[in-house]
K.L.:
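Can you keep this structure in mind? I'll have questions shortly.
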Number of protein chains: 2
Amino acid sequence: MPTDTRPTKRSGTKEKILKVSTTLFSQLGYKGTSVRKIASEVGIRESAIYNHYKNKEEIFLEVAKGIFSSPFSLSSDEIKELATKGKPFLQKFALQHKMLTFDKMNENMFRLLMIELMQNRELRVQFQAEFHEKNIKVLSEGLFIMMQNSLVRSGDPMMVSYEFLSTLFYIRLQITLMHFDDLSTNSLSTHFEKHVDFFWESIKV
Amino acid sequence: MPTDTRPTKRSGTKEKILKVSTTLFSQLGYKGTSVRKIASEVGIRESAIYNHYKNKEEIFLEVAKGIFSSPFSLSSDEIKELATKGKPFLQKFALQHKMLTFDKMNENMFRLLMIELMQNRELRVQFQAEFHEKNIKVLSEGLFIMMQNSLVRSGDPMMVSYEFLSTLFYIRLQITLMHFDDLSTNSLSTHFEKHVDFFWESIKV
DNA sequence: GTCTATATTTGGATAGAC
DNA sequence: GTCTATCCAAATATAGAC
């Protein structure tokens, strides 16, 4: 059987719907985005949408899947290795956040998260687990090692992680807001590095 | 003329509309809140709403006015006085944020802000000016004085203020999210104080 | 100032021809 | 898989009686 007999005809319409929807949802939110608008941008009629997705909700859920999927992560081994060096661990962590912040796709996802966070309980639960707790865990592991090695002053690793993470979040929020209005983020782009420098001075022994 | 001849008949309906709208907008956002729902909660018909407000937008703008109006502020004199003592300045500032966070009305306003921030340009501009810059200014003034008096290590007051403010914001966001789902914020309620303690240790000479 | 009735628009979704 | 046609529900808003 040399011929490709996959059932999916690859016209790409489904992918295009998803792409257009991602942009619209991240700019207008769930309620602000109509199936009409999606269809219009894709270049097909509303009814044709329903050949690919059961309803608007299904499109949104597909889009929302991408919110907490990060292209970056630190393995337990990487954490251990970097943490013994001290500052480079924080630098790496902050750099990953910076890259996410300036990545177009992740920016859309962050915007969508902010829009729907107050209106979607499931998203709040996921934010707590997939963003907050996950990041606190990674940071705590690193900081715990640094404390053991007397690289940083001792304290509650979770609490110190909280301090470090919260500023990264705020920088990301501000940059995302400015990008929305096509404002320059030059002055903010170095904030990630400045934050690491300030923080390291704060905790190093 | 002993009789009160004010043109406004004080039935209180207009105030009730505003109150109900505030709650609904802060829970469901602008698009999620219908005039129907507002009228129903107030206990009148939709059409009666229009005797008090021109349209839905006008109600929203009236509600939105309260977002950046804070019952707290620090005068220039208060800043100078507290800043010379060092830590008490930061404690006072953080305490004010804590009170805002746990005040029902301000919690609604913060929620509304978060919902509409990504969808309303005017709100983004106001957030930058009325929240971010205003707070950075107050903090910078205090920190500048502390640096002059050699109470804290020298550095860029604006940058240090940014570090301090961002964590307050993140704590507030988390608490607001948890209150939305009726979750206990016991473990978070002391974060404001812990943040001040940690931060003071970080910057004090 | 509130009501009933109604106009109008917008949005989600389906049926059936091609 | 896409189109036209259509339906239905929900939402904003207005007119006019009481």
Side-chain angles (χ1 to χ4, degrees), chain A residues 3-65 112 115-116 118-120 122-123, chain B residues 3-64 112 115-116 118-120 122:
Chain A
T3 43
D4 184 353
T5 53
R6 278 178 303 174
T8 21
K9 291 273 237 317
R10 303 297 276 81
S11 68
T13 304
K14 187 161 186 172
E15 286 78 3
K16 197 165 179 189
I17 293 171
L18 202 62
K19 199 181 156 224
V20 165
S21 301
T22 301
T23 307
L24 290 176
F25 279 134
S26 73
Q27 285 175 356
L28 309 166
Y30 183 78
K31 295 219 76 156
T33 302
S34 67
V35 178
R36 281 220 210 312
K37 226 174 284 179
I38 296 172
S40 151
E41 292 250 330
V42 171
I44 56 176
R45 299 286 170 187
E46 282 172 75
S47 52
I49 295 271
Y50 296 93
N51 283 316
H52 303 279
Y53 292 95
K54 205 175 97 240
N55 52 28
K56 183 182 170 182
E57 171 91 6
E58 196 179 88
I59 304 176
F60 178 78
L61 290 177
E62 192 66 27
V63 169
K65 274 186 190 170
L112 182 54
I115 293 178
E116 299 298 324
M118 294 286 172
Q119 298 172 82
N120 186 322
E122 174 59 22
L123 222 50
Chain B
T3 42
D4 183 353
T5 54
R6 277 176 305 173
T8 22
K9 291 274 239 316
R10 304 296 277 84
S11 67
T13 303
K14 188 162 186 171
E15 286 77 4
K16 196 165 179 190
I17 292 171
L18 202 63
K19 197 179 157 226
V20 166
S21 301
T22 301
T23 307
L24 290 176
F25 279 134
S26 73
Q27 284 175 355
L28 309 167
Y30 182 77
K31 296 221 74 156
T33 301
S34 66
V35 179
R36 281 222 214 312
K37 228 174 284 181
I38 296 172
S40 150
E41 292 249 331
V42 171
I44 56 177
R45 297 287 169 188
E46 285 170 72
S47 52
I49 295 271
Y50 295 92
N51 283 317
H52 304 277
Y53 292 95
K54 204 176 96 241
N55 52 28
K56 184 183 169 182
E57 171 91 6
E58 197 179 89
I59 305 176
F60 178 78
L61 290 177
E62 193 65 28
V63 170
L112 182 54
I115 292 178
E116 299 299 325
M118 295 285 170
Q119 297 171 84
N120 187 322
E122 175 59 22

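Every chain is numbered from 1 and lettered A, B, ... according to where its sequence line falls, protein lines coming before strand lines.
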K.L.:
Rounded to whole Å, please give me the gap between NZ in Lys54(A) and P in dA13(C).
P.N.:
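Spelled out: NZ on Lys54(A) to P on dA13(C) is 9 Å.
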
K.L.:
Evaluate the criterion side chain to side chain contact (heavy atoms under 4.5 Å, CB included) for residue pair Ile49(A) and Ile59(A); output intermediate values, then yes/no.
P.N.:
CA-CA 10 Å; Ile49(A) 295 271; Ile59(A) 304 176; 3.9 Å; yes

K.L.:
Should Phe60(A) and Glu116(A) count as side-chain neighbours, where that means a heavy-atom distance under 4.5 Å?
P.N.:
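Yes, at least one pair of side-chain atoms sits under 4.5 Å.
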
K.L.:
Quick one: does Glu62(B)'s side chain have a donor or acceptor within less than 3.5 Å of a partner on Glu58(B)'s backbone?
P.N.:
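Judged by distance alone, no pair lies under 3.5 Å.
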
K.L.:
Could you tell me how far apart Ile49(B) (CD1) and dA11(D) (P) are, to the nearest whole angstrom?
P.N.:
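Distance, rounded to whole Å: 14 Å.
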
K.L.:
Nearest whole angstrom, please: distance from the C1' of dT10(C) to the CG of Leu28(A).
P.N.:
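Answer to the nearest Å: 15 Å.
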
K.L.:
Does Ile115(A) form a side chain to side chain contact (heavy atoms under 4.5 Å, CB included) with Gln119(B)? I'd like the steps, not just the answer.
P.N.:
CA-CA 8 Å; Ile115(A) 293 178; Gln119(B) 297 171 84; 3.3 Å; yes

K.L.:
To the nearest Å, give me how far apart OH (Tyr50(A)) and C1' (dC8(D)) are.
P.N.:
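My rounded result for the distance is 13 Å.
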
K.L.:
Where the side chain of Asn55(B) is concerned, which of dC3(D), dA13(D), dT14(D) is the nearest nucleotide?
P.N.:
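Nearest listed nucleotide: dA13(D).
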
K.L.:
Can you tell me how far P of dG1(D) sits from CD of Glu15(A), to the nearest Å?
P.N.:
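Answer to the nearest Å: 11 Å.
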
K.L.:
Could you check how far NZ of Lys31(A) sits from C1' of dT10(C), rounded to whole Å?
P.N.:
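It works out to 12 Å between those atoms.
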
K.L.:
Show the atom names and distances, to 0.1 Å, of all donor-acceptor pairs under 3.5 Å that link a side chain in residues 33-44 of chain A to residues at least two apart or in another chain.
P.N.:
residue  : atom : partner  : partner atom : Å
Thr33(A) : OG1  : Leu24(A) : O            : 3.2
Thr33(A) : OG1  : Gly29(A) : O            : 2.8
Ser34(A) : OG   : Lys37(A) : N            : 3.1
Arg36(A) : NH1  : Glu46(A) : OE1          : 2.7
Arg36(A) : NH1  : Glu46(A) : OE2          : 2.6
Lys37(A) : NZ   : Gly32(A) : O            : 3.3

K.L.:
Let me know, please, whether Ser47(B) or Lys56(A) comes out on the 5' side of the other along DNA chain C by nearest nucleotide.
P.N.:
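So the residue in question is Ser47(B).
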
K.L.:
Looking at Tyr30(A), does the NZ or CZ of Lys56(A) lie under 6.0 angstrom from its six-membered ring centre and within 45 degrees of the ring axis?
P.N.:
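The answer is yes; both the distance and angle limits are met.
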
K.L.:
Check each residue of residues 34-46 of chain B for a non-hydrogen atom within less than 4.0 Å of any atom in DNA chain D, then write out the ones that pass by number, or none.
P.N.:
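Ser34(B), Val35(B), Arg36(B), Glu46(B), in order of number.
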
K.L.:
Find the distance Phe25(B):CZ to dA11(D):P and express it as a whole number of Å.
P.N.:
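It works out to 13 Å between those atoms.
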
